[in-house]
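This report concerns only the one structure given below.
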Amino acid sequence: QVQLVESGGGLVQAGGSLRLSCAASGRTFSSNSMGWFRQAPGKEREFVAFISRSGAMTIYADSVKGRFTISRDNAKNTVNLQMNSLKPEDTAVYYCAASHVVGATHRPDDYNYWGQGTQVTVSS
């Protein structure tokens, strides 16, 4: 069992930056791939970024590539999402999630554990 708690959301102006963190409980953190997803009002949950168990592989949605960076610290059981050059269309609730799937995946159904989400609002 893995419990996930996100933090770091807030209100920021367009062009600004935020750093989201996700703290995981449990001794199996390093055996899970991790992902960040987001959901805007009236829209489906969408993939943002993926990081493999070791951190060696990362994948990003095209909409955030070059602006967002995902990282993890297995010693501290944390995964982070550095978000730069934020745009109003990045406004959403952001969720971190853990997956047992071996290999990269962007499908929400492949993730076994989810955090409660943190709100990110980007004003124009």
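One is the number of the first residue; the rest follow in order along the sequence.
- For the atom pair OG (S30) and CG (N77), the distance works out to 7.5 Å, reported to the nearest 0.5 Å.
- Taken from CG in L81 to OG1 in T118, the straight-line distance is 11.0 Å, to the nearest 0.5 Å.
- With hydrogens and angles ignored, the 3.5 Å screen pairs no side-chain donor or acceptor of N32 with any backbone N or O of M34.
- Residue pairs that meet the salt bridge (charged side-chain N to carboxylate O under 4.0 Å, His left out) test with at least one member in residues 108-124, sequence neighbours left out, are R107-D110.
- For the atom pair SG (C22) and CD (E6), the distance works out to 5.0 Å, reported to the nearest 0.5 Å.
- Separating the SG atom in C96 from the OH atom in Y113 is a distance of 13.5 Å, to the nearest 0.5 Å.
- For the pair S99 and T105, the minimum side-chain heavy-atom distance is below 4.5 Å.
- We find the OG-CD distance between S124 and Q13 to be 9.5 Å, quoted to the nearest 0.5 Å.
- Annotation: side chain of F68 is not in contact with side chain of W36 (no heavy-atom distance under 4.5 Å).
- Below 30°, between 30° and 60°, or above 60°: for F37 and W114 the angle between ring planes is between 30° and 60°, a tilted geometry.
- Within the structure, the salt bridge (charged side-chain N to carboxylate O under 4.0 Å, His left out) test picks out the following pairs touching residues 33-47 (sequence neighbours left out): R38-E46, R38-D90.
- A cation-pi contact, defined as under 6.0 Å to the ring centre and within 45° of the axis, is absent between R67 and Y60.
- Open room surrounds CD on Q3; 12 or fewer heavy atoms of other groups in view lie less than 6.0 Å from it.
- Here the side chains of R53 and V102 are in contact, with some heavy-atom distance below 4.5 Å.
- The stretch residues 114-124 participates, sequence neighbours left out, in no salt bridge (charged side-chain N to carboxylate O under 4.0 Å, His left out) pair at all.
- Checked by atom type, the side-chain pair N80/Q82 shows no donor-acceptor distance below 3.5 Å.
- Within the 3.5 Å criterion, the main-chain N or O of V122 finds a donor-acceptor partner in the side chain of T91.
- At a threshold of 4.5 Å between side-chain heavy atoms, the hydrophobic network of Ile, Leu, Val, Met, Phe, Trp and Tyr places V48 and M83 in one connected group.
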